[in-house]
Amino acid sequence: MIHLPRGTQDLLPGTTEKWQHVEAKFIELCRNFNYQEIRTPIFEHTELFQRGVGDTTDIVQKEMYTFQDRGDRTLTLRPEGTASVVRSFVQNKLFGQANQPQKLFYIGPMFRYERPQQGRWRQFVQFGIEALGSADPAIDAEVISLAMEIYKQLGLRSLKLVINTLGDQTSRENHRNALVEHFEPHKEELCSDCQVRLAQNPLRVLDCKKDREHPAMKTAPSILSYLTEEADAYFTKVKAFLDIMDISYHVDPNLVRGLDYYNHTAFEIMSDAEGFGAITTLAGGGRYNGLVEELGGPETPGIGFALSVERLLMALEAENIELPIDDALDSYVIAMGEKAELKTAELVNQLRQAGIQVDKDYQGKKFKAQFKAADRLKAKFVLILGENELAENKIEIKNMQTGEQVSISLPDIVSYLTEQIKKGGQ
RNA sequence: GCGGUCGUGGCGAAGUGGUUAACGCACCGGAUUGUGGUUCCGGCAUUCGUGGGUUCAAUCCCCACCGGUCGCCCCA
């Protein structure tokens, strides 16, 4: 037997309804916040991610699905959404549109070659938004509030919003130098990973789990003390907007994002729920002024976030939250005898054209078994058509909740059912 | 990519180097002819992730691979 590839999953009936529900929620919220959908290709030129996400990141160095096509182009299945959206923004000259900032959302599969485990797949679905063309701290808060609102409206309670600022170019350089200076004397005492980090990305040393207890960690310089006046003022305003929106947060100066393009505001939403294992991050995002330029566009500030739909559903499960999904069927038709079966095909067709959900048996089941099937499908009404009914041009209708059964003239069935379903729906 | 652990029917889960691989749920059929969700009876794995090897004999022993899961790395 051929199995699905490692790290991918089949979403089957029973689960897809949940996906549809949360996807509908995303779209509804984006409508409220006035974000519009953008759809970009699932693969792009590899160079886009090398330049956009960053050559030194883990994503680019060891996690991309890269391949040559038959025309010798080097292509990559997208590992994240922002680079593509920005590419499209630049290519389609969306910076020239009348309404700025451009507020966009996307939803779709992303691909990363990693060792799979609970909460981590090689193909996973991200929902994300990007606001391009505004350096107003209010929009940072808007992006964060949209992210939080999704979880809130779906009923999640155990959430933690962590924010930080990575500062601007100058802040980062000063901080970086301070970090290197601070840790260099202790280099030999740090773990091997940190020794590499110190050279490549000293920021990452800060959230090392092995060296957490090292005395130098406690006294390490914080980005917050190296912010330029502008960067500090910006962060203060973002926090003020969050306060005014009554969004609680925790400032973690060690919060680092794994993608190179971030600066200023960075944030993560995590779950506190039991049984979440090593994966606790539900969503991550931040500001990326400079990315549009990097990808060949005009100087344009940007901010966005992305969440994993899989992890969102895991969080719902961890908190035992049932989504309000209506999987009941309006009606089910049971036929007895050959003539009745022929008539049933016509009837089912009529009902469907009238917008009534209906199904019937296609397995030659006995009367009783057809009833069982109707019950399992949670049919609200069962229509029974046999020789007797046919002879009188009538049909029996049983309300499965109340058990009541009435006899209706066949020509009246559509109007009768339509009315009953309307009533029963309340 | 590294380390640990696990892999028996649709699901959950016993089990043993050797004639018929427990059990529960689900499913299918029946309990006098056309009425479900309860009960009772019956049925339902030539087969124990895949491929090799050891053995007279392996689902149970060994190896490899595949896959899940946990931790690390990193992230969504």
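Sequence lines set the chain letters: A, B, ... in the order given, protein chains first and strands last, and positions in each chain run from 1.
Using a 4.0 Å heavy-atom criterion, one finds that A:Glu310 contacts no nucleic acid atom at all. Base engagement by A:Arg112 is indicated by at least one non-hydrogen atom pair under 4.0 Å involving a base atom. Looking at heavy-atom distances under 4.0 Å, A:Ile384 makes contact with a base. No contact: A:Gln61 has no heavy atom under 4.0 Å from any strand. Base engagement by A:Met400 is indicated by at least one non-hydrogen atom pair under 4.0 Å involving a base atom. Within 4.0 Å (heavy atoms only), A:Glu387 reaches at least one base atom of the nucleic acid. No contact: A:Glu80 has no heavy atom under 4.0 Å from any strand. No contact: A:Gly81 has no heavy atom under 4.0 Å from any strand. Nucleic acid contact class of A:Ala283 (heavy atoms, under 4.0 Å, all strands): sugar-phosphate only.
Phosphate proximity of B:G36 to A:Lys398: absent, as no side-chain N or O sits under 4.0 Å from OP1 or OP2. In this structure, A:Arg6 does not reach the B:U69 phosphate: none of its side-chain N or O atoms is under 4.0 Å from OP1 or OP2. Residue A:Arg115 has no polar side-chain atom (N or O) positioned under 4.0 Å from OP1 or OP2 of B:G68.
When the C1' atom is used for both B:C6 and B:U46, the distance is 27 Å, rounded to whole Å. Nucleotides B:G71 and B:C62 are separated by 27 Å at their P atoms, to the nearest Å. With C1' as the reference atom, B:C60 and B:A22 are 16 Å apart, rounded to whole Å. Remark: the separation of the C1' atoms in B:A21 and B:C63 is 26 Å, to the nearest Å. Atom P of B:A76 sits at a distance of 47 Å from the matching atom of B:U38, rounded to the whole Å. Going from the P atom of B:U32 to that of B:C11 covers 35 Å, rounded to whole Å. The P atoms of B:C2 and B:G12 are separated by 29 Å, rounded to the nearest whole Å. Across B:A14 and B:G7, the matching C1' atoms stand 16 Å from one another, rounded to whole Å.
For B:U35, there is no paired nucleotide, since no Watson-Crick or G-U wobble pair has both relevant distances below 3.5 Å. With both pairing distances under 3.5 Å, B:G71 is matched to B:C2 as a Watson-Crick or G-U wobble pair. The pairing partner recorded for B:C66 is B:G7, the criterion being a Watson-Crick or G-U wobble arrangement whose two distances lie under 3.5 angstrom. As the counterpart of B:A21, no nucleotide is assigned, since no Watson-Crick or G-U wobble pattern has both distances under 3.5 Å. A 3.5 Å limit on both hydrogen-bonding distances identifies no Watson-Crick or G-U partner for B:A14. Nucleotide B:G42 forms a Watson-Crick or G-U wobble pair with B:C28, both donor-acceptor distances falling under 3.5 Å.
Listed for the A:Arg287 side chain is no donor-acceptor partner under 3.5 Å among the backbone atoms of A:Ile303. With hydrogens and angles disregarded, a donor-acceptor distance shorter than 3.5 Å links the side chain of A:Glu319 to the backbone of A:Ser158.
Atom CZ of A:Arg376 and atom C1' of B:G10 are 13 Å apart (whole Å). Atom C1' of nucleotide B:G68 and atom CH2 of A:Trp121 are separated by 12 Å, given to the nearest angstrom. One atom, CG of A:Leu390, and another, P of B:G34, lie 17 Å apart when rounded to the nearest Å. In this structure, A:Ile334 places its CD1 atom 10 Å from P of B:G36, rounding to the nearest Å. We find that CE of A:Met110 is positioned 11 Å from P of B:A76, with the value rounded to whole Å. Per the geometry, CD belonging to A:Gln370 stands 15 Å off P belonging to B:G37, to the nearest Å. One can place CD of A:Gln117 at 11 Å from C1' of B:G68, the figure rounded to the nearest angstrom. What separates CG of A:Asn399 from C1' of B:G36 is a distance of 13 Å, to the nearest Å.
At a cut-off of 3.5 angstrom, the base of B:G37 holds no donor-acceptor pair with the side chain of A:Asp375. A donor-acceptor contact under 3.5 angstrom links the side-chain atoms of A:Gln405 to the base of B:U35. Between the side chain of A:Glu389 and the base of B:G34 there is at least one donor-acceptor pair of N/O atoms closer than 3.5 Å.
Checking B:G34, B:G29, B:G37 against the side-chain heavy atoms of A:Lys366 singles out B:G29 as nearest. When the nucleotides B:G1, B:G29, B:G36 are ranked by their closest atom to the side chain of A:Lys365, B:G29 comes out on top. Which of B:C27, B:A76, B:G34 sits closest to the side chain of A:Glu114 comes down to B:A76.
The aromatic rings of A:Tyr226 and A:His175 sit tilted relative to each other, their planes meeting at an angle between 30° and 60°. Aromatic ring orientation, A:Tyr261 versus A:Tyr288: perpendicular (interplanar angle above 60°, classes split at 30° and 60°). In this pair, A:Tyr234 and A:His264 present their aromatic rings tilted. The plane angle is within the 30 to 60° band.
Taking the six-membered ring for Trp and the full ring otherwise, the centers of A:Tyr35 and A:Phe105 sit at least 6.0 Å from each other.
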Show your reasoning for whether side-chain hydrogen bond (donor to acceptor under 3.5 Å, both in side chains) applies to A:Thr82 and A:Glu130. CA-CA 7 Å; A:Thr82 302; A:Glu130 313 290 351; 2.7 Å; yes
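Using a 4.0 Å cut-off between charged nitrogen and carboxylate oxygen, A:Lys25 and A:Glu23 do not count as a salt-bridge pair.
Closest-nucleotide positions on RNA chain B for A:Leu385 and A:Gln363 were compared, and the one nearer the 5' end corresponds to A:Gln363.
A cation-pi arrangement, defined by a distance under 6.0 Å to the six-membered ring centre and an angle within 45 degrees of its axis, is absent between A:Arg112 and A:Tyr65.
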